[in-house]
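Report on the structure given below.
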Amino acid sequence: MVTKAELEAQVAHLRRQLAEQSAASEQPQSSEPHDTVADRIAENFDAWSGQIDEALTELEDLPHKRPILFALGIFTLGYLLGRSR
């Protein structure tokens, strides 16, 4: 069984460790705040979603701006799908 003195020594040791950790966390970090993988993935996802939205907007406007190009694209797509079987 652990004595009271041993428990007090462990508590003192843990307090010193906690003080060291808090002092280390107060020091300015040289790395950027968005260094975690999750933050980088979120930033990339936001950028990709913006690019996808722009591409979809352009595709929605294509039949109105260039109907002949749109018709040729649909014909080519249908032809390729028909030949794939």
Side-chain angles (χ1 to χ4, degrees):
M1 192 161 176
V2 181
T3 64
K4 182 179 177 183
E6 291 174 341
L7 288 175
E8 288 176 350
Q10 287 179 352
V11 168
H13 177 70
L14 291 173
R15 284 184 180 165
R16 279 192 303 272
Q17 284 182 341
L18 183 60
E20 290 172 1
Q21 288 177 354
S22 65
S25 68
E26 290 175 2
Q27 295 176 352
Q29 296 178 353
S30 62
S31 62
E32 293 188 19
H34 299 291
D35 271 348
T36 63
V37 174
D39 288 337
R40 284 186 276 167
I41 290 173
E43 289 174 1
N44 287 337
F45 181 76
D46 290 340
W48 292 336
S49 68
Q51 292 173 354
I52 290 173
D53 288 340
E54 289 175 17
L56 289 176
T57 302
E58 288 179 21
L59 282 176
E60 289 173 355
D61 293 341
L62 186 63
H64 302 290
K65 290 181 179 177
R66 298 185 179 180
I68 294 175
L69 180 64
F70 180 73
L72 287 174
I74 294 297
F75 176 77
T76 304
L77 182 64
Y79 179 77
L80 291 174
L81 287 175
R83 298 293 291 177
S84 66
R85 289 187 175 209

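Bear in mind that the values here come from a model prediction, so they are computed numbers and not experimental data.
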Considering all heavy atoms, the nearest Thr57-Asp53 contact: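 Distance-wise, the nearest heavy atoms are OG1-O, 2.8 Å.
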
Would His13 and Gln17 satisfy side-chain contact (heavy atoms from CB on, under 4.5 Å), going step by step from the backbone distance to the final call? CA-CA 6 Å; His13 177 70; Gln17 284 182 341; 3.0 Å; yes

Is the CG atom of Leu81 crowded by more than 12 outside heavy atoms at less than 6.0 Å?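 More than 12 within 6.0 Å, yes.
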
Pairwise distance [atom1]([X]) to [atom2]([Y]) - rounded to 0.5 angstrom:
{"X": "Asp61", "Y": "Phe70", "atom1": "CG", "atom2": "CZ", "answer": "11.5 Å"}
{"X": "Thr76", "Y": "Leu69", "atom1": "OG1", "atom2": "CG", "answer": "9.5 Å"}
{"X": "Trp48", "Y": "Ile41", "atom1": "CH2", "atom2": "CD1", "answer": "8.5 Å"}

